[in-house]
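Down below is the structure, laid out as structure tokens.
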Amino acid sequence: MKDTKKVKEKKVKKNRRHMSMKTKRRIGNTAIYVILAILIIIWLLPFVCILLESFRVDSPGQSGNVIPKVWGFDNYIRLFKESDFGRWYLNTFIIALCTAVLQTVIVLCMSYTLSRLRFKGRKLLMNVMLVLGMFPGFLTMIVLYKVLSGLNLTGAHALPGLILVYCASSGMGYYVSKGFFDTIPRSLDEAARVDGATRFQVFKKVIMPLAKPIIIYTVLSAFMAPWGDFIFARYISHGTSSGYNVAVGLWSWTTKTSIGTHYTMFCAGGVLVALPITLLFMFMQKYYVEGVTGGAVKG
Amino acid sequence: MKHLTDAEYKDLSRSEKIKYRLRRGLYHLKCFFDPSRVTDLEYLRMGKFKKIWYKIKRFFVSIPSKIGHFFVKVWNTIKKGVLAVKNEFVDIFTTFKEGSWQTKVSYFVMGFGNLARGQILRGVLFLLFELVFIGYMIIAGGHWLSKLTTLGTEAGQSNVYDPATDSYIAAPGDDSFKILLYGLLTVIFIIALIYTWRVNVKQNKILDKIVKSGKKIKSGKEDLHSLVDDQFHKTMLALPLTGIMVFTVIPIIFMILVAFTNYDALHDGYSNLFTWVGLDNFNELFSWSSGTGKLSAAFGEILSWTLMWAFFATFTNYFLGMFVAIMINKRGIKLKKMWRGILVLTIAIPQFVSLLYVSKMFADNGLINGFLLDMGWINDPIPFWTDPTYARITVILINIWIGIPYLMLIATGILMNIPQDLYESSRIDGASVWQQYTRITLPYMLFVTGPYLLTSFIGNINNFNVIYLLTGGGPTNPNLLTSGGSAGDTDLLVTWLFNMTTGAETNYKLAAVIGIMIFLVVAVISLVVYNLIPSTRNEEDFQ
């Protein structure tokens, strides 16, 4: 009698615990939904604000009301009619295109060699690269600017100069791509070598077809970087508006003297810059995610 | 340390006895100076906190011996280096003494040995290199090299009377910048020649051997073919390494040299030459007397803020990003893809757009203050960018906003890789969520992302974009106003460096010194962390 009672009690207790677990989880999940929703709002708010602001036609008051009283495309039209924005956009696009091609070639050469070929001095080379990477990248700009301006590749002619600066040292960013090549089994190379392929043939016919994800990742990140680069672009263009890229151009509108008149135009420009990049990013997100996570794990 | 019995000891030879006693002595010495050392068994018996305490104690106790080891290592490297150089010289001499006449001629006419034995391609390349070098040295190299020690003696003048034409003309003078640059290039050229000459000698030695053994000498065609086969790495690395050499290595060496000159706005190099000043710039940076306008005080202040910023920026992002990833990953949460997608999408938008906009949002007359004022929650705008403490906190907060999507992305990938059965079994054992986190998730994450944490810490030390686009380094701090360009409370070393190289008050010498300092900070941190984090040592622990 006593025993059964105990068992019953236990069962009830268990049941109650079970119930409370369930409700607990439900409460926990709801809390998470609430937190996530708040996070999403915080994360998207500035972008929504930029978007709204870019359609504002009334006076660009910065404080208070976000939603414009009068809507219109005036800012976008002014962007191309009254400012150098079109030029900046074209500049950036050309730079991004050239950089994407050149940088991909260089990075692939570098990472493939360091990952899959064994030669004397390979470790030394990687260590030297590591040490070089510890200097702030900007330090070299002082010399490079002087040299490039001697070659007349600065100011209004900043395009080739910038492309050179972006691409020349890009070999040092081989880590992510090398991490990818490291994962391809070596037996593939060896099999091809046994069949009499030269190392170049192994590279071209065996590994490159397998390397599509990393090629896409490299092209994508190389294409996207110049859109956001500020420090090099500002230095090389050196205050000459026709040599600006979008980042420097839009930044020049946010200085104290011009923010009052160019605020809404800045927002419209920001939208125009963010749009293609975001679309491209969505399109290639899979590869990007692979690259970023792989790179993080490999270090 | 093996302890021998008396009988065993007696069996040893004389020299072994001495060795044994020496080792015993060293062991006792070690125990004397290092009483905290325990055996493995004792260690395993310790409680958790005792273990940690023991480890910390051991770390500090072992510092002297570690330093000692370091010096021993350095000494050994130096010894090895000296020996290697000696061997090189010996080899050069013996090759000359024992070599054939073609080899001997090659010592003076590079590539002659190759040409004489039918390796036309290599021979011509060697010879060409030598001729170009000689030509360059006669035409320009000697000139630059001779001026390198002074960096120019006569500044250019704009108004010099010329009696021949009876007018004032500009007299070109020396250009310190050019002298330094071309001087450096010449030195590099000379080093390249010495290296090539050495290769040339080595090749002749090999050729002698081949000729003696009667084997066939590689033809130019075979050499070319090897560039896509055995020597493929040379083909592949040619372009990237040239780029790195010209656009990174030479500029960095140049800037290191600039740190030892007085190159700044006053000494621009042509109207007012700059020259070598030895360690003056470093002395100025390290003269430890504080006060307004003192460079060393400004440097200390900016350095400490840089480290503080890097620490907070890295770890707030890391833990909060992981937290968000865990929340989205939690079983039972729906629409995982949507939550993730929206956050990841914000990565795509170029940082400068969002940073510049957010910077305006937090301004005194910006959106946030406007909203708060309208709602009547505050009476005066919050000084987000004008008060030092507020500015620093705001910068870190906005950096979280920027960084979480990245970390969420990375953490999600790794979290999915953690074997789910670990969680299952721990739940059966009655582990709470918190215990699961601290015992499974966190160790795994820390292990896998150890290197990433290091790189992102260093990335944050050099995080130009976030600081410059948000605050521009402001608010300006009167204590940090120095000859080396003004600095603000949120200025990092890099943004300070940037300010020094632009604007009216360019101060290249100081920029170079700061650059070297950043390098040292980063190098020290990387070295220490690489020796501490486990992922670099035992890579297969979690696989």
Side-chain angles (χ1 to χ4, degrees), chain A residues 25 29 32 35-36 39-40 42-44 46-47 49-50 62-64 66 106 109-110 112-113 117 119 132 134-136 138-144 146 165 167-169 171-172 198-200 227-228 230-231 247 250-251 254 259 267 270 273-274 277-278 281-282 285 289 292-293 296-297 299, chain B residues 177 228-229 232-233 236-237 239-240 243-244 246-249 251-252 254-255 324 327 330 332-333 339 342-346 348-354 356-358 360-361 365-367 370 374 409-410 413-414 448-449 451-452 455 462 464-465 494 497-498 501 508 511 515 518-519 522-523:
Chain A
R25 187 182 297 159
N29 281 358
I32 287 178
I35 295 175
L36 282 179
L39 283 182
I40 296 294
I42 293 176
W43 254 260
L44 286 184
F47 300 117
C49 288
I50 293 178
Q62 285 180 48
S63 53
V66 186
I106 288 173
C109 281
M110 193 81 187
Y112 178 85
T113 314
L117 300 178
F119 52 93
L132 283 179
M134 288 174 185
F135 283 95
F138 178 70
L139 195 60
T140 60
M141 261 337 275
I142 300 162
V143 195
L144 290 182
K146 294 259 172 184
V165 169
C167 294
S169 301
M172 280 166 61
T198 63
R199 288 191 203 280
F200 174 66
W227 292 88
F230 175 78
I231 182 164
L250 291 183
W251 175 82
T254 62
I259 182 73
C267 291
V273 173
I277 300 292
T278 313
F281 188 84
M282 266 154 69
Q285 197 187 16
V289 171
V292 168
T293 49
V297 175
Chain B
F177 184 88
V228 293
D229 204 5
F232 188 43
H233 61 270
M236 292 285 269
L237 291 180
L239 181 65
I244 291 172
V246 174
F247 278 74
T248 304
V249 177
I252 283 179
F254 183 91
M255 284 320 283
V324 172
M327 278 200 307
K330 190 172 180 277
I333 296 293
W339 301 117
I342 293 174
L343 281 180
V344 169
L345 208 60
T346 59
I349 296 156
Q351 262 186 20
F352 81 94
V353 176
S354 42
L356 284 174
Y357 187 80
V358 171
K360 295 300 161 218
M361 266 173 87
N365 55 350
L367 216 57
D374 281 355
L409 201 62
I410 291 165
I414 296 163
V448 178
T449 56
Y452 170 80
T455 42
N462 290 323
F464 179 86
N465 265 4
V494 256
L497 196 161
F498 180 81
T501 62
Y508 297 121
I518 295 176
F519 167 75
V522 170

Apply side chain to side chain donor-acceptor pair (under 3.5 Å) to Thr248(B) and list each qualifying residue two or more places apart in sequence or on a separate chain. Ser169(A)
How far apart are the C-alpha atoms of Met172(A) and Ile244(B), what are their side-chain angles, what is the distance that settles it, and do they pass the side chain to side chain contact (heavy atoms under 4.5 Å, CB included) test? CA-CA 7 Å; Met172(A) 280 166 61; Ile244(B) 291 172; 3.7 Å; yes
Answer yes or no: is there a side-chain heavy-atom contact under 4.5 Å between Met110(A) and Leu237(B)? yes
Ranked by heavy-atom pairs below 4.5 Å to chain B, first place among Thr113(A), Leu39(A), Leu117(A) goes to Thr113(A)
Scored by heavy-atom pairs under 4.5 Å with chain B, the best of Phe119(A), Phe135(A), Trp227(A), Phe138(A) is Phe135(A)
Residue, of Thr346(B), Val249(B), Asn462(B), that accumulates the most heavy atom pairs under 4.5 Å with chain A: Thr346(B)
For a quick test of reading the model, state the closest non-hydrogen atom pair linking Pro251(B) to Val143(A) and the distance between them. O-CG2, 3.9 Å
Which of parallel (below 30°), tilted (30 to 60°) and perpendicular (above 60°) describes Phe232(B) and Tyr112(A)? perpendicular
Tell me, for Phe254(B) versus chain A, whether the close heavy atoms (under 4.5 Å) come from the side chain, the backbone, both or neither. side chain
Bottom line for Leu144(A): the part with an atom under 4.5 Å from chain B's heavy atoms is side chain
Counting heavy-atom pairs under 4.5 Å to chain A, which of Val353(B), Ile518(B), Val522(B), Leu356(B) comes out on top? Leu356(B)
Per-residue contact mode, Met361(B) against chain A (heavy atom under 4.5 angstrom): side chain
Applying side chain to side chain donor-acceptor pair (under 3.5 Å) to Thr254(A) and not counting sequence neighbours gives none
Toward chain A, the part of Val358(B) with a non-hydrogen atom under 4.5 Å: side chain
Correct closest heavy-atom pair for Pro136(A) and Gly515(B) would be CD-O, 3.7 Å
Given Ile40(A), Thr278(A), Leu36(A), the one with more heavy-atom pairs under 4.5 angstrom with chain B than any other is Leu36(A)
Using 30° and 60° as the class limits, which term best fits the ring planes of Phe230(A) and Phe464(B): parallel, tilted or perpendicular? parallel
Which bit of Leu239(B) is near chain A, if near means a heavy-atom gap under 4.5 Å: side chain, backbone, both or neither? side chain
Roughly how far, to the nearest 0.5 Å, is CG of Asn29(A) from CD1 of Ile333(B)? 4.0 Å
Tell me, side chain or backbone of Leu44(A) under 4.5 Å from chain B's heavy atoms, or both, or neither? side chain
If you count heavy-atom pairs within less than 4.5 Å of chain A, which of Val324(B), Val246(B), Asn465(B), Leu345(B) leads? Leu345(B)
Heavy-atom pairs under 4.5 Å with chain B, option from Cys109(A), Cys167(A), Cys267(A) with the top count: Cys109(A)
Picking from Gly270(A), Gly228(A), Ala168(A), Ala274(A), which has the most non-hydrogen pairs under 4.5 angstrom with chain B? Ala168(A)
Heavy-atom closest pair, residues Cys49(A) and Tyr357(B): CB-OH, 3.1 Å
For the candidates Ile35(A), Ile106(A), Val165(A), Ile231(A), which exhibits the highest count of non-hydrogen atom pairs separated by less than 4.5 Å from chain B? Ile231(A)
